[in-house]
2 protein chains.
Amino acid sequence: MRASKQRKLTAKGWKIGDAKDFMALSASEEAYIKIRLKLADGLKARRSSRGITQTELASALRSSQSRVAKMEAGDPTVSLDLLVRSLLALGTSNRELAAMIAHSLRVT
Amino acid sequence: MRASKQRKLTAKGWKIGDAKDFMALSASEEAYIKIRLKLADGLKARRSSRGITQTELASALRSSQSRVAKMEAGDPTVSLDLLVRSLLALGTSNRELAAMIAHSLRVT
DNA sequence: TGACGGTATGTCTGTTCTGACATACTCTTG
DNA sequence: CAAGAGTATGTCAGAACAGACATACCGTCA
């Protein structure tokens, strides 16, 4: 991982590896984070293109505005589970979801 | 959701909706569960095709054999996060992961 | 049959994630 | 410059999930 990218991620609160890391994990670790960021972007795009507010989405999900904000910000306290469930609740199809993941290598 | 399928899932410990459900959630809820089951199958297939044991995979993941077993069984106490991280750790590419999700409508 | 390698299941304790709330920030619009 | 709508950020108590361990359940092979 390039240093500049690592800085960008750690700035968001991500922990990239640590002393007792398996070498083998770091690669998949990065892929995992990229997927999450891509889904976060997808969520934001979907919601705003629908013209609904975070608060509205939150109530449809039975969650809270703050959590929606964190989801879209790619906050590390938000799980993949929640991201995926939110996207699905927004009507995202499996194919669309799959596309996001397939293209997650391109997270800038 | 057909009653027979619902029975099959609830037998595994899944809770499908409940009294105070949003109608809108139940559909995506089902999609979500199907994705998880598909990934669970994928994990099992990948591991055994590599000829490694659950215990070996567990140690590579720094997890435990029991958790790997639960993952493969589609146990509801296993999160999507863990499933995805495990698949990635097994070397699954984003494209392959995406394919699993795209095809998750076909979980039998 | 017994022993063994692999897998499944149940349960424990500690960590992580959740929704909720408060509050601060950022735009508009008047 | 308010006032309001929308979004971001910090925190917390409770829920969900984690790894670990014990133990039960297969197969298979001697």
Side-chain angles (χ1 to χ4, degrees), chain A residues 10-16 18 20-22 25 28-29 32-33 35-37 39-41 43-90, chain B residues 10-16 18 20-22 25 29 32-33 35-37 39-90:
Chain A
T10 51
K12 283 195 173 183
W14 289 99
K15 290 191 177 68
I16 308 291
D18 57 14
K20 57 181 203 280
D21 245 14
F22 257 35
L25 279 191
S28 57
E29 210 177 328
Y32 168 73
I33 294 179
I35 288 175
R36 293 184 38 148
L37 294 181
L39 295 186
D41 285 354
L43 182 65
K44 185 168 204 159
R46 276 214 148 239
R47 177 184 61 79
S48 49
S49 84
R50 300 227 163 176
I52 69 178
T53 70
Q54 292 182 341
T55 306
E56 288 167 335
L57 175 55
S59 89
L61 293 169
R62 299 208 213 96
S63 179
S64 56
Q65 179 268 327
S66 58
R67 201 130 286 276
V68 173
K70 286 177 224 277
M71 283 190 231
E72 295 184 352
D75 189 296
T77 74
V78 174
S79 72
L80 230 183
D81 291 67
L82 187 59
L83 276 170
V84 167
R85 279 191 279 115
S86 301
L87 280 163
L88 292 174
L90 270 175
Chain B
T10 52
K12 283 194 174 184
W14 289 98
K15 290 193 176 68
I16 309 291
D18 55 16
K20 57 180 200 279
D21 243 15
F22 258 33
L25 279 191
E29 209 177 331
Y32 168 72
I33 294 179
I35 288 175
R36 294 185 35 149
L37 295 181
L39 295 186
D41 285 354
L43 181 65
K44 185 168 204 158
R46 275 213 149 240
R47 178 184 60 80
S48 49
S49 85
R50 301 226 162 175
I52 69 179
T53 70
Q54 291 183 342
T55 305
E56 287 167 336
L57 175 55
S59 89
L61 293 169
R62 300 208 213 95
S63 179
S64 57
Q65 179 268 328
S66 58
R67 201 129 286 275
V68 173
K70 287 179 224 278
M71 284 190 228
E72 296 184 352
D75 189 296
T77 74
V78 175
S79 71
L80 230 184
D81 290 67
L82 187 58
L83 275 170
V84 168
R85 279 191 280 115
S86 302
L87 280 163
L88 292 174
L90 270 175

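All chains are named by letter (A, B, ...) in the order of the sequence lines, taking the proteins before the strands, and each is independently numbered beginning at 1.
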> Closest to the A/A69 side chain: C/dT18, D/dA8, C/dA20?
Replying inline: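 Selected nucleotide (nearest to the side chain): D/dA8.
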>> Looking only at the side chain of B/S64 (C-beta and beyond, no hydrogens), which of the listed nucleotides C/dT9, D/dA20, D/dA8 gets closest?
In response: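 Minimum distance to the B/S64 side chain belongs to D/dA20.
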Whole Å only: how far is the [atom1] atom of [X] from the [atom2] atom of [N]?
X: A/L80; N: C/dC17; atom1: CG; atom2: P; value: 11 Å
X: A/E56; N: D/dG6; atom1: CD; atom2: P; value: 7 Å
X: B/D75; N: D/dA16; atom1: CG; atom2: C1'; value: 13 Å
X: B/E72; N: D/dC25; atom1: CD; atom2: P; value: 20 Å
X: B/R85; N: C/dT16; atom1: CZ; atom2: P; value: 11 Å
X: A/L57; N: C/dA20; atom1: CG; atom2: P; value: 13 Å
X: B/L82; N: D/dA20; atom1: CG; atom2: C1'; value: 14 Å

> Considering heavy-atom distances to DNA chain D, does B/M71 or A/K44 have its closest nucleotide positioned more toward the 5' end?
Replying inline: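 Result: A/K44.
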> Which atoms form the tightest heavy-atom contact between A/S49 and A/R46, and what is the distance?
Replying inline: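 So the two residues come closest at OG-O, 3.1 Å.
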>> Please give me the minimum heavy-atom distance between B/T77 and B/R67, naming the atom from each residue.
In response: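 Of all heavy-atom pairs spanning B/T77 and B/R67, the closest is O-NH1, 3.5 Å.
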Looking at [N], does its base get a donor-acceptor pair with the side chain of [X] below 3.5 Å?
X: B/S66; N: D/dC21; answer: yes
X: B/Q54; N: C/dA8; answer: no
X: A/Q65; N: D/dA8; answer: yes
X: B/K70; N: C/dG10; answer: yes

> Checking all strands, does A/V68 fall into the base, sugar-phosphate, or nothing category for heavy-atom contacts under 4.0 angstrom?
Replying inline: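 The residue A/V68 makes no contact with any strand.
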> Hey, are B/E72 and B/R47 close enough for a salt bridge, meaning a charged N less than 4.0 Å from a carboxylate O?
Replying inline: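 Looking at B/R47 together with B/E72, the answer is yes, because their closest N to O distance falls below 4.0 Å.
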>> Whether A/S63 contacts C/dG19 is assessed here as follows: a side-chain N or O lying under 4.0 Å from the phosphate OP1 or OP2. Is that the case?
In response: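 It does, given that an N or O in the side chain of A/S63 lies less than 4.0 Å from OP1 or OP2 of C/dG19.
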> A/S79 side chain N/O closer than 4.0 Å to the phosphate oxygens (OP1, OP2) of C/dT18?
Replying inline: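 Answer yes for this pair, as a side-chain N or O of A/S79 is under 4.0 Å from OP1 or OP2.
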> With a 4.5 Å limit on heavy-atom distance, are the side chains of A/L90 and A/L61 in contact?
Replying inline: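 A side-chain contact is absent here, since even the closest heavy-atom pair is not under 4.5 Å.
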> Looking at CE of A/M71 and CG of A/L87, how far apart are the two atoms once the value is rounded to the nearest 0.5 Å?
Replying inline: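 So the CE of A/M71 and the CG of A/L87 are separated by 9.0 Å.
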> Start at the 5' end of DNA chain C and walk down; is the nucleotide closest to B/T53 or to B/R67 reached first?
Replying inline: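 On the 5' side of the pair lies B/T53.
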